[in-house]
Structures are given as C-alpha cells and as structure tokens.
Amino acid sequence: MSTIEDIRRFYARLMAANAASSDPRLEEVFASVPREAFLGPGPWTIVAGNGRVTTPSADPSHIYQNVLVALDADKGINNGEPFLHAMWIGKLAPKLGETVTHIGAGTGYYTALLARLVSPGGTVTAFELDDKLADLARRNLKAYGNATVVHGDAVTTPLPPSDIIYVNAGVVAPPAGWLKALRPGGRIIFPWRPAERVPLAVMVTRTQKGFACDPFMRSWFIPCFGASVADLAAKIPTREQAARSRSIWLTSDKAPDRTATAIFGDVWFSSKNLRAKPGT
C-alpha cells in the first residue's frame, strides 16, 4: 500500500512534468509542501465543473490530484488547479533570493511553494483581501519564515519592489502600480479578463525597452476587487486582438498609437514586439 509520502512524490512528478520546467526544485517543493495543511480539516469538497463532490474521508490522498478544492463555496473561492499553478510557476522560474508579491493568496498553499523556491535569501509578501482567508494563511505560513501575509487591498496599497508578482484574481488590466513595482527583469503573471469572452493568462517581463507581454494560455479566475471592471472610455479587445498583444505601456510614458490592442486608462496593450528588429 502506498504511503502519503509516495502519493505526494507521484503528485509532484506530475506537476513538474506538466510545468515542463528545467528546474528540479519544482518537483521537490510540490513533494515537500503538504497541500492538506492549507485546506482545513477534511473531508473536502472538490469542485467538478458545475458540480461538487465530497471526498470519502479526510485521507489526504484524495486531494493529491489535479482537482479544485473549495475554500469558500459560497464565494466561489477554491484552492486553485495544481496543473495550472505548476505551469505558471514553471514559466516564472523563481530564483534564489528573489522578492515575490503574491496577490490573492487564499490560504497560502501556492505562497508556500513560492517561498520555498526563493529561499534562502528571498521573501514573499502575500496579499489577501478576505479577512478569514488572510487569517488562515497567516497561521498556515508560520513555518515559512520568509513569507508575510498582508490583509489588504493590493490594488490600492503600494506593492514592494518585486522580482515576481503572482496574481490569482482576474483583472481587466494590471494597475500601473503593479508594473512600476517590477524590478528590471521582473515578471508579473496574471489572469487577463478584459471581457467575458477573453480569458487569458499573461506574463509580462520588464525589459530595458519596456514591458514585454506574452498571452500564453486560456485562464479564468474570480474577479480582482477594484480592478475587474473597465471604465466607459476603455478600448476592449476582441479575443484575437488580446492574443496579439506583445507589450504593455504606461500612458505616462507613451501615448496609445495605431498598434494599441486594448486601452484601460493609464495602461494600454500593444501588438508591438519589443524584441523585433528595427524597421520590422
């Protein structure tokens, strides 16, 4: 009979394989961080499409699969799809010593994984707007000395200078303050939801030329309070325009031009590829 350690290790191998990451530490952290420690006492409620299934018992082997575990079913808040998060974390490629800001931390499971990946020397600041979830995250992360939980609004609160900003709530556009918080070479990954028909995951990298943009997969998260509704003056992209976006600009740095695929107040998206050669 398999032990819980065996089950965790197999789960971790699945996560690393799906992430297609060259960093062997990704498998190590998925094996070493106990998911059940962040879910509350079992049995647990698994989200299956529009349905709900309760695990047969509190045996943690039930949640070491690519399943969504409800944290607050009434609010539609869950622990997140492990395959998706493994892909996102693999794409971000966290390094030792980096500073991470996690927006929408929930009860802290993915915060813990990020904390392990930047340790030693790195830190994670986790923002959570829901007071109950923030309190649970704070308790769950006590064993992770480089992680700090902030019960607050990451849209209106200035973020610390960050190498990585990991966003787990859908936005019509990243607030200008988030982009400004990125250090040179810094990466932000977020669910871009400019319209109901456009659910994309986007990674933005701060380069010497500006903010390079990579819409890389479909993705849906619950809305980010304060950043999920476009104003009337916004230019909302079609799915095709959104997918063509290759850079993001602050209007204070550059006015929108004919390459604009979407415009949201002080932030706009462009089809201009920052890596393109002059004249192309």
Side-chain angles (χ1 to χ4, degrees), residues 15-16 19 21-30 32-33 35 37-38 79-82 84-129 133-134 136-155 157-171 174-192 201-207 211-212 214 216 219 221 224 227 248:
M15 295 305 117
S21 170
S22 61
D23 187 350
R25 299 178 309 134
L26 193 64
E27 180 176 333
E28 293 171 12
V29 298
F30 269 102
S32 64
V33 176
R35 191 182 187 194
F38 296 85
N79 183 245
E81 181 187 4
L84 179 147
H85 286 276
M87 287 177 63
W88 282 27
I89 294 171
K91 191 172 182 67
L92 284 167
K95 300 176 182 64
L96 300 180
E98 288 196 312
T99 299
V100 180
T101 298
H102 186 186
I103 298 172
T107 56
Y109 177 54
Y110 299 105
T111 310
L113 295 169
L114 291 164
R116 286 279 173 86
L117 286 167
V118 298
S119 182
T123 60
V124 181
T125 301
F127 283 84
E128 177 51 55
L129 189 60
L133 294 179
L136 288 170
R138 196 172 288 114
R139 282 185 272 166
N140 293 339
L141 291 165
K142 279 184 179 179
Y144 302 81
N146 62 332
T148 302
V149 177
V150 176
H151 172 222
D153 185 351
V155 174
T157 303
L159 303 188
S162 305
D163 299 297
I164 290 174
I165 301 177
Y166 193 72
V167 185
N168 291 160
V171 297
W178 293 3
L179 297 174
K180 292 176 181 178
L182 282 181
R183 291 171 170 161
R187 293 88 70 205
I188 176 173
I189 199 164
F190 60 93
W192 188 23
V202 177
M203 187 167 89
V204 172
T205 303
R206 185 167 196 166
T207 73
F211 298 98
D214 177 18
F216 65 96
S219 179
F221 279 73
C224 179
I248 297 183

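Source: prediction; values computed, not measured.
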(request) Please name the pair of heavy atoms, one in Arg116 and one in Ser32, separated by the smallest distance, quoted to 0.1 Å. (result) NH1-OG, 3.0 Å
(message) Tell me if a side-chain donor or acceptor on Glu98 pairs with a main-chain N or O of Val118 at a distance below 3.5 Å.
(response) no
(request) Can you measure from OG1 (Thr125) to CD1 (Ile165) and round to the nearest 0.5 angstrom? (result) 10.5 Å
(message) Just so I know, are the side chains of Phe190 and Val204 near enough to count as touching, which here means a heavy-atom distance under 4.5 Å?
(response) yes
(request) Applying side chain to side chain donor-acceptor pair (under 3.5 Å), name anything that partners Arg25, two or more places apart in sequence or on another chain. (result) Asp23
(message) With a 4.5 Å cut-off on side-chain heavy atoms, are Tyr144 and Leu114 touching?
(response) no
(request) Would you indicate whether the side-chain heavy atoms of Ile248 and Pro174 approach each other to under 4.5 Å? (result) yes
(request) Of all the heavy-atom pairs spanning Pro160 and Ala181, show the shortest one and how long it is. (result) O-CB, 3.8 Å
(message) Could you tell me if the side chain of Val124 sits less than 4.5 Å from the side chain of Tyr110, heavy atoms only?
(response) no
(request) Begin with the C-alpha distance, continue with both residues' side-chain angles, and end with the deciding distance and a verdict on side chain to side chain contact (heavy atoms under 4.5 Å, CB included) for His151 and Arg138. (result) CA-CA 9 Å; His151 172 222; Arg138 196 172 288 114; 4.0 Å; yes
(message) Rounded at 0.5 Å granularity, tell me how far CE in Met15 sits from NE2 in His85.
(response) 11.0 Å
(message) So which atom in Ala16 and which in Glu27 form the shortest heavy-atom distance, rounded to 0.1 Å?
(response) CB-CB, 3.8 Å
(request) Ignoring hydrogens and angles, tell me if any N or O in the side chain of Arg187 forms a donor-acceptor pair with the backbone of Ala93 under 3.5 Å. (result) yes
(message) On a heavy-atom basis, which atom in Ala86 and which in Ala19 lie closest, and how many Å separate them?
(response) O-CB, 3.2 Å
(request) Starting at OG1 of Thr207, measure out to CG of Leu182 and round the result to the nearest 0.5 Å. (result) 11.0 Å
(request) Find the distance between CD1 (Ile164) and CG (Leu92) and round it off to the nearest 0.5 Å. (result) 5.0 Å
(message) Looking at every non-hydrogen atom in both residues, tell me the closest pair between Asn140 and Ala37 and how far apart they are.
(response) OD1-O, 3.4 Å
(request) May I ask you to decide if Ala154's main-chain N or O and Trp178's side chain share a donor-acceptor pair within less than 3.5 Å? (result) yes
(message) Salt bridge or not between Asp163 and Lys95? Use side-chain N to carboxylate O under 4.0 Å.
(response) no
(message) For the CE atom of Met87 and the CD1 atom of Ile189, what is their distance to the nearest 0.5 Å?
(response) 9.0 Å
(message) Rounded to the nearest 0.5 Å, what separates atom CG in Asp153 from atom CD1 in Ile103?
(response) 9.5 Å
(message) Is there a side-chain contact between Tyr109 and Pro82 in this structure, where contact means two heavy atoms from C-beta onward sitting under 4.5 Å apart?
(response) no
(request) Show your reasoning for whether side chain to side chain contact (heavy atoms under 4.5 Å, CB included) applies to Thr111 and Phe38. (result) CA-CA 10 Å; Thr111 310; Phe38 296 85; over 6 Å; no
(message) Using a 3.5 Å distance criterion without hydrogens, assess whether the side chain of Asn146 forms a donor-acceptor pair with backbone atoms of Ala115.
(response) yes
(message) Which heavy atom of Gly104 sits nearest to which heavy atom of Asn168, and what is that distance?
(response) O-CB, 3.5 Å
